[in-house]
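These notes are about the structure you will find just below.
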Amino acid sequence: EVRHYGATKWVSTDVESYVLEIAAGQGFMRLFKYITGANEDGLNIDMTAPVIIRIPEDKKMWEPAIFTVSFLLPSAYQEKAPKPTNEQVYFTDLPPLTVYVKSFGGWMLSMTSKLYSRQLAKELNGTQASYNTAFHYGVGYQSPMKLRNRRNEVWYVTQGEPVCPPPTSS
């Protein structure tokens, strides 16, 4: 699937970790504190979806990597959001993006992220699609408290005109 998103503002944090699960948990909690009042205005900001995690492609199992966890800011805060009180929390302005998407259920784990990103990369390579190979995004839509019927995705950012791969049989 190919999707296009307009420019958006996110609140982000970087976490150094050996595994995605630890980075996602630490990053989520840091950003959750921001939206529940750890900002200069002491405001509670509504949680939005999705949560995205920038996952480096060249990560070696025995080396830590930098994972960037980001919450989409609600439309009311896209122009001006309260400054974070934690110096590890910052704003990211993403430009308009066109992404290749693969959806899956269950949990966003190191294994599932790698499995589905590799499947998507294989499909894209088979169609000579051009995309950023330095990282992919792990994308989650539900609260960590939701245990069933979860929706996750992996995204690769296109480079140049997107190529739509032929449908695969299920």
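Pro84 has its side chain out of reach of Tyr90: every pair of non-hydrogen atoms, C-beta onward, lies at least 4.5 Å apart. Under the 4.5 Å side-chain criterion, counting only non-hydrogen atoms from C-beta, Val163 is in contact with Tyr100. Residues Phe71 and Ile35 meet the side-chain proximity criterion, which asks for heavy atoms closer than 4.5 Å. At a threshold of 4.5 Å between non-hydrogen side-chain atoms, the residues Ile22 and Val15 do not count as touching. Between Phe104 and Thr112 there is a side-chain heavy-atom pair separated by less than 4.5 Å. Counting heavy atoms from C-beta on, the side chains of Val139 and Val154 never come closer than 4.5 Å. Here the side chains of Leu20 and Met108 are in contact, with some heavy-atom distance below 4.5 Å. When side chains are defined from C-beta on, Val157 does not count as touching Thr98, because their heavy atoms never get closer than 4.5 Å.
Residues Ile53 and Met111 are members of separate hydrophobic clusters, defined by side-chain heavy-atom contacts under 4.5 angstrom among Ile, Leu, Val, Met, Phe, Trp and Tyr. By the rule that hydrophobic residues join a cluster once side-chain heavy atoms approach within less than 4.5 Å of another member, Ile45 and Leu31 end up as members of one cluster. Leu115 is not connected to Val19 by any chain of hydrophobic side-chain contacts under 4.5 Å among Ile, Leu, Val, Met, Phe, Trp and Tyr, and they are in different clusters.
When all heavy atoms of Phe28 and Val69 are compared, the pair lying nearest together is N-CG1, 4.1 Å. Nearest heavy atom pair, residue Asn132 against residue Tyr156, reads O-CD2, 3.4 Å. Across Pro50 and Trp10, no two heavy atoms sit closer than the pair O-CZ3, 3.5 Å. The two residues Tyr131 and Asn125 have their closest heavy-atom pair at OH-OD1, 2.9 Å. The minimum heavy-atom distance linking Thr92 with Ser12 is given by the pair OG1-OG, 2.8 Å.
The distance from the CG atom of Leu97 to the OG1 atom of Thr8 is 6.5 Å, given to the nearest 0.5 Å. One distance of note links CG of Leu72 with CG of Asp46; it measures 11.5 Å at 0.5 Å rounding. Taking CD1 of Ile55 as the reference point, atom NZ of Lys114 lies at 10.5 Å (rounded to 0.5 Å). Rounded to the nearest 0.5 Å, atoms CZ (Arg54) and CG (Leu94) are 10.0 Å apart. We find the NZ-CE distance between Lys33 and Met29 to be 6.0 Å, quoted to the nearest 0.5 Å. Rounding to the nearest 0.5 Å places CZ of Arg30 at 3.5 Å from OG1 of Thr13.
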>> Would Trp155 and Leu120 count as a side chain to side chain contact (heavy atoms under 4.5 Å, CB included) here? Give the steps.
In response: CA-CA 9 Å; Trp155 294 354; Leu120 180 56; over 6 Å; no

>> Please evaluate residues Phe32 and Tyr34 with respect to the criterion ring-ring contact (aromatic ring centres under 6.0 Å, His included), reporting the C-alpha separation (whole Å), side-chain torsions for both, the decisive distance (0.1 Å), and the verdict.
In response: CA-CA 5 Å; Phe32 188 75; Tyr34 168 79; over 10 Å; no

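Under 3.5 Å, the side chains of Tyr116 and Asn152 contain no donor-acceptor pair of N or O atoms. Under 3.5 Å, the side chains of Glu21 and Ser110 contain a donor-acceptor pair of N or O atoms. Judged by distance alone, the side chains of Thr36 and Asn44 never bring a donor and an acceptor atom under 3.5 Å apart.
Surrounding OH of Tyr5 are more than 12 heavy atoms belonging to other residues, nucleotides or ligands, all under 6.0 Å away. Under a cut-off of 6.0 angstrom, the local environment of CE in Met47 is crowded, with over 12 non-hydrogen atoms contributed by other residues, nucleotides or ligands. No more than 12 heavy atoms of other residues, nucleotides or ligands lie within 6.0 Å of CD in Glu79, so this atom counts as exposed by the packing criterion.
Put simply, the side chain of Gln142 gets close to the backbone of Arg151: a donor and an acceptor are under 3.5 Å apart.
Lys9 forms a cation-pi arrangement with Phe91, by the criterion of a distance under 6.0 Å to the ring centre and an angle within 45° of the ring axis.
The pair Glu153-Arg3 counts as a salt bridge, with a side-chain nitrogen and a carboxylate oxygen less than 4.0 angstrom apart. The pair Glu123-Lys102 counts as a salt bridge, with a side-chain nitrogen and a carboxylate oxygen less than 4.0 angstrom apart.
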